[in-house]
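Here's the structure, in structure tokens; my notes come after.
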Amino acid sequence: MFRNQYDTDVTTWSPAGRLFQVEYAMEAVKQGSAAIGLRSKTHVVLGCVNKANSELTSHQKKIFKVDDHIGVAIAGLTADGRVLSRYMRSECINYGFTYESPLPVGRLVVQLADKAQVCTQRSWKRPYGVGLLVGGLDESGAHLYYNCPSGNYFEYQAFAIGSRSQAAKTYLERRFNSFMDSSRDDLIKDALLAIRETLQGETLKSSICTVAVVGAGEAFHVLDNETVQKLIDAFEIAGGEEAPADAPDTAAEEGGTADQGAAAAADQGAAADQGAAADQGAATDEGVAPMEI
Amino acid sequence: MESNQAKNSLLSSHDNIQRTQYPYVTGTSVVALKYKDGILMASDMGGSYGSTLRYKSVERLKPIGKHSLLGASGELSDFQEILRYLDELILYDNMWDDGNSLGPKEVHNYLTRVMYNRRNKFDPLWNTLVLGGVKKGQKYLGMVSMIGVNFEDDHVATGFGNHLARPILRDEWREDLTFEEGVKLLEKCMRVLLYRDRSAVNKLQIAKITEEGVTISQPYSLKTFWGFSAFQNPTVGAEGSW
């Protein structure tokens, strides 16, 4: 992107029909650290890379619980993300008070998108510099949405945003066909592997990533460090042993892995490349203890 | 004068200064119960003007959206106001056009909020409402009063129905009544109300709501029996006295 005479105001169109300020805001999302989301019929998993600036500080919070049935992972200007999370929590609570029923995810996402659109059409405002992966459950099932600073939103089977998210997207594109029927544990495993892809060779450990789950009968919550580390060890990262929690699930997963075609992800048109499988094959049931919160 | 008005405005809504209302045209009891396939609700078609049975074709049962049925007793103009509120609510719900829709539980809670808020402003909607419906196989039946008291149950009634119909229902209601059994039970309750509630009229409607939708029957009358021997020669024990 280069500077030009049409990029000062969000309310100025370029001759090519672009709003540069909005595009620059989307650039801010690409600079933030990675966040990924994936969903099955019954669960949604959100994950993000959480690297603290120095050893002295704690890392920034990028995953927020919005309600028992909705959570959000952000990438970009985390302050903007925090403010939008507060808005989402407020909307959920108000709806719950009036109707004693959880706010459908699809409606929350539209409200969020409309809020973002306002900032693209006022000369005294600026677009929110944050991309949001909204994951939640409602009557019609599990949903994952991506909300853009432009005010657009899309529903996804799996998605990744932020820096080096392309690597995660490539991984997800290879495997997304199996997600709908995945078990909860397999979904988490895929999330961890997708996060690992963005680390470019660095070891995956629970101190630099955060994972959150929401599912049928399971309120949205962030998995604590200990649980995540146990999962990382059980699933094993740098191409070592395997053993996800349940044997039947691995069998299903193996079947899935065997026939991965060059399927495009729900959003991308780009062809996926097969590459060396980052996922493990043989099933050795370690009998890992079921996840508890 | 002015100071009275100022005092009152602290206690009530700004434009119409009211403390208590009096109902003018009222409907009497509504009775409802859960049955196998959904909810059955009955009410008569009377609109009383004080002690005069003035209007005899008032529909007090109305469908709301796809999944709910509302029955009201009390001030009829307030009922019409509530129908307007719900109209708007359902309209906005439909405008989302997203496959989600407000079910009976949501409508019931919305009504509770409205009724309770009005009560807090000392400007109540003078109604007791019965809200029933089915959504995704789940049957729901609830009640809200003019002061915001609300609850759910397997059978509910308003006004006199609480005193005359509920005891019958407590004895004879059971899970999974068939449609015919439910109607018979409701008619039994309505007949007692007809005999004993002075504001009841003998013209009623029964509505049913199931997963498929709402059906409200055509108005009809109940058979009554007045041939009791005690009604022959009522003054036989005390001739000449009034």
Side-chain angles (χ1 to χ4, degrees), chain A residues 39 41-42 44 66-70 87-88 90-118 132 134-148 151-157 180 214-217 220 266, chain B residues 64-68 70 82 84-121 125 129-145 148-153 211:
Chain A
R39 63 117 190 225
K41 243 184 250 152
T42 53
V44 184
V66 167
D67 201 344
D68 282 338
H69 66 297
I70 303 183
Y87 168 74
M88 292 164 80
S90 178
E91 291 300 299
C92 280
I93 251 187
N94 286 335
Y95 188 92
F97 175 70
T98 310
Y99 302 104
E100 252 203 57
S101 204
L103 176 58
V105 196
R107 294 196 179 182
L108 177 61
V109 159
V110 173
Q111 283 174 254
L112 197 54
D114 288 347
K115 193 170 161 69
Q117 190 279 341
V118 167
L132 301 114
V134 183
L137 246 63
D138 59 29
E139 268 183 354
S140 47
H143 299 278
L144 174 69
Y145 290 92
Y146 171 54
N147 276 70
C148 200
N152 281 325
Y153 67 95
F154 308 92
E155 184 162 7
Y156 285 102
Q157 191 66 42
M180 220 31 178
V214 62
F220 182 89
Chain B
I64 309 291
K66 284 194 292 253
H67 307 284
S68 312
L70 175 67
I82 289 169
R84 278 194 329 108
Y85 281 148
L86 289 175
D87 220 20
E88 197 178 315
L89 180 75
I90 299 294
L91 177 70
Y92 280 115
D93 189 42
N94 290 338
M95 272 166 59
W96 280 101
D97 195 21
D98 65 350
N100 288 304
S101 55
L102 294 171
K105 177 161 117 128
E106 287 81 25
V107 177
H108 183 221
N109 271 283
Y110 172 79
L111 286 172
T112 305
R113 289 294 119 232
V114 170
M115 301 300 271
Y116 184 63
N117 259 276
R118 291 290 294 258
R119 166 263 196 198
N120 283 335
K121 294 198 278 201
L125 289 162
L129 306 167
V130 173
L131 201 297
V134 196
K135 190 171 178 210
K136 292 220 167 77
Q138 295 276 67
K139 301 187 279 251
Y140 186 91
L141 181 59
M143 213 191 83
V144 199
S145 78
V149 174
N150 75 304
F151 53 87
E152 264 182 79
D153 209 339
E211 194 77 53

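Protein chains get the first letters and strands the later ones, always in sequence-line order, with residue 1 at the start of each.
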| note | Applying a strict 4.5 Å limit to non-hydrogen atoms, the region of Leu102(B) in contact with chain A is side chain
| field | By side-chain hydrogen bond (donor to acceptor under 3.5 Å, both in side chains) - contacts of Lys115(A) (at least two apart) | value | none
Produce the donor-acceptor pair table for chain A versus chain B, cut-off under 3.5 Å.
| residue | atom | partner | partner atom | Å |
| --- | --- | --- | --- | --- |
| Thr98(A) | O | Tyr110(B) | N | 3.3 |
| Glu100(A) | O | Lys105(B) | NZ | 3.1 |
| Ser101(A) | OG | Glu106(B) | OE2 | 2.3 |
| Arg107(A) | NE | Asp98(B) | OD2 | 3.1 |
| Arg107(A) | NH1 | Asp93(B) | OD1 | 2.8 |
| Arg107(A) | NH2 | Asp93(B) | O | 3.4 |
| Arg107(A) | NH2 | Asp93(B) | OD1 | 2.8 |
| Arg107(A) | NH2 | Asp98(B) | OD1 | 3.3 |
| Arg107(A) | NH2 | Asn100(B) | O | 3.0 |
| Glu139(A) | OE1 | Lys135(B) | NZ | 3.2 |
| Glu139(A) | OE1 | Lys136(B) | NZ | 3.4 |
| Glu139(A) | OE2 | Lys135(B) | NZ | 3.0 |

